Protein chains: 2
Amino acid sequence: MKKPKKVRQQELKQTIKDNPFITDEELSREFGVSVQTIRLDRLELSIPELRERIKHVAVQTFEDEVKSLPIDEVIGEIIDIDLDERAISIFDVSEEHVFQRNRIARGHHLFAQANSLAVAVMNDELALTVRSDLRFLRPVKAGQRVVAKAEVTGREPARRRAYVKVVSTVEQVPVFTGEFEMYRESEREEGDGSENRS
Amino acid sequence: MKKPKKVRQQELKQTIKDNPFITDEELSREFGVSVQTIRLDRLELSIPELRERIKHVAVQTFEDEVKSLPIDEVIGEIIDIDLDERAISIFDVSEEHVFQRNRIARGHHLFAQANSLAVAVMNDELALTVRSDLRFLRPVKAGQRVVAKAEVTGREPARRRAYVKVVSTVEQVPVFTGEFEMYRESEREEGDGSENRS
DNA sequence: CTCGTATTAGTACCAAGTGCTAATAGCGGT
DNA sequence: ACCGCTATTAGCACTTGGTACTAATACGAG
């Protein structure tokens, strides 16, 4: 008995952790013991078999992948709107909006809420964002409710521009602010709406 | 023969893609054909067996995980990454990303691609966006492919900040640019750039 | 009705195991 | 030297989810 059982088991644990794709047979060669011994060790350490280990790793990725997709249509629910003036929306942050590692909301969701609201507040067939300046003031965590308030702060009809300021808060505390320069497709009176500046 | 073979095979392909963890037997029940038929279909479509599929998924994660972090959390597909230096991702704009009225992509998708790329390029356990300044230069339409290039332009280890510039183009033409000020969760010594924390 | 493709059935075999029983090794203590 | 005990090894039956192959059957078009 070269190494005591305990030592071997600890090493075994580490080896499998480092490379979950190793079979019992390969392990048995590596440690110079029989396959059965490896099996007994795994049993005692409650380490599952190769396929289960692989599956476990795979499931993790897969779930993460599926989870981090959603970013669709209009983000947040608009609860009040006064066209061309101001608007408010709420957005509940849930698991799929956060980094798994620390449950902090990914920036683009906050931006999406604010941007959607800025688009909505424009009283226009179609508004496009031209430019924006964002500040992420505090991290937002899963489970929190973000309230975004948008206000139209300026207009430049000649250039078809409007300026919108959005402040997002969680329980009264500001977490995000954004200034948006918006382009309105149609002019104020007639609904033109099919122009393509580029 | 309810559905022609071709249709079944296409559906089969999709089903397996959506859920690689499904056995031939489950598939055979789902499609109302025998297990052998499923096997023949897989053979023709060169879809590997369950375990190989799972293993493939697992290997991906494992490799990515060793490297760094949220490659599976990125919006768009990373096609090249040089940690702490630069990264490139592509994002295909489809119907669900655009306004129905004019088929122009909603701004937050462009932002999401750029922002997640900026996060990914940071060689860090966790990076958060602190501030960003965006310009939407030209409208992007459904069907177009957006290529985003991120470059780390500056570092301020003392304040745990890094600066990333992202330029997104469609067929060489810039459509979006963004400057990101990022916060990195973990501190790092200067002059390293490629250590092996994990 | 016949031809050809599609489908189903059945068999042998494989990898990487589990679960179980039984034999053997190694070593300490007395 | 012998007992006792744990550790190790061996062997066998059985499991999953397949591959590879052969053979039979069904179905639809010409």
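So that the names make sense, note that chain A is the first sequence line, chain B the second, and so on, each numbered from 1. Quick caveat, the model's predicted, so the values are computed rather than measured. Hydrogens, waters and symmetry mates play no part in the numbers below; they use all other heavy atoms, side chains included.
- When rounded to the nearest whole Å, the span between CD1 of A:I38 and P of D:dA7 equals 15 Å.
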With a 3.5 Å cut-off and sequence neighbours excluded, list the donor-acceptor pairs that the side chains of residues 49-58 of chain A form with protein atoms.
from, atom 1, to, atom 2, distance (Å)
A:E49, OE1, A:R51, NH1, 3.4
A:R53, NE, A:P20, O, 3.1
A:R53, NH1, A:P48, O, 2.9
A:R53, NH2, A:P20, O, 3.3
A:R53, NH2, A:I22, O, 2.6

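- Atom CD of A:E52 and atom P of D:dT16 are 12 Å apart (whole Å).
- In terms of hydrophobic clustering, with Ile, Leu, Val, Met, Phe, Trp and Tyr side chains grouped at heavy-atom distances under 4.5 Å, B:V35 and B:I47 are assigned to different clusters.
- Of the possible donor and acceptor atoms, none in the side chain of B:R160 sits under 3.5 Å from a partner among the backbone N and O of B:Y183.
- Protein atom CG of B:L27 is 14 Å distant from nucleotide atom P of C:dT8, rounded to whole Å.
- Straight-line distance from the CD atom of B:E44 to the P atom of C:dA6: 7 Å, rounded to whole Å.
- If you take CZ of A:F31 and P of D:dT9, they are 13 Å apart, rounded to a whole angstrom.
- Ion pairing of A:D133 with A:R135 is present here, as a side-chain N (NZ or NE/NH1/NH2) and a carboxylate O approach within less than 4.0 Å.
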Hey, what are the protein-to-nucleotides 10-12 of chain D N/O distances that come in under 3.5 Å?
none

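- Side chain of B:R155 to main chain of B:D84: a donor-acceptor pair is present (N/O by atom type, distance under 3.5 Å, no hydrogens or angles).
- Atom NZ of A:K6 is separated from atom P of D:dT8 by 13 Å (rounded to the nearest Å).
- When hydrophobic side chains of Ile, Leu, Val, Met, Phe, Trp and Tyr are connected at separations under 4.5 Å, B:I88 ends up clustered with B:I79, B:I90, B:V147.
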Taking only nitrogen or oxygen atoms into account, show me every contact under 3.5 Å that the protein makes with nucleotides 15-19 of chain C, one pair per line with its distance.
from, atom 1, to, atom 2, distance (Å)
C:dA15, N3, A:R51, NH2, 2.9
C:dA16, O4', A:R51, NH2, 2.8
C:dA16, N3, A:R51, NH1, 2.9
C:dA16, N3, A:R51, NH2, 3.1
C:dG17, OP1, A:L50, N, 2.9
C:dG17, OP2, A:D24, N, 2.9
C:dG17, O5', A:R39, NH1, 3.3
C:dT18, OP1, A:R42, NH1, 3.1
C:dT18, OP1, A:R42, NH2, 3.2
C:dT18, OP2, A:R42, NH2, 2.8

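- Distance, A:L40 CG to C:dC20 P: 12 Å, rounded to whole Å.
- The hydrophobic side chain of A:L40 is isolated, with no ILVMFWY side chain under 4.5 Å apart from it.
- Screening residues 154-176 of chain A for ring-ring contact (aromatic ring centres under 6.0 Å, His included), with sequence neighbours left out, gives A:F136-A:F176.
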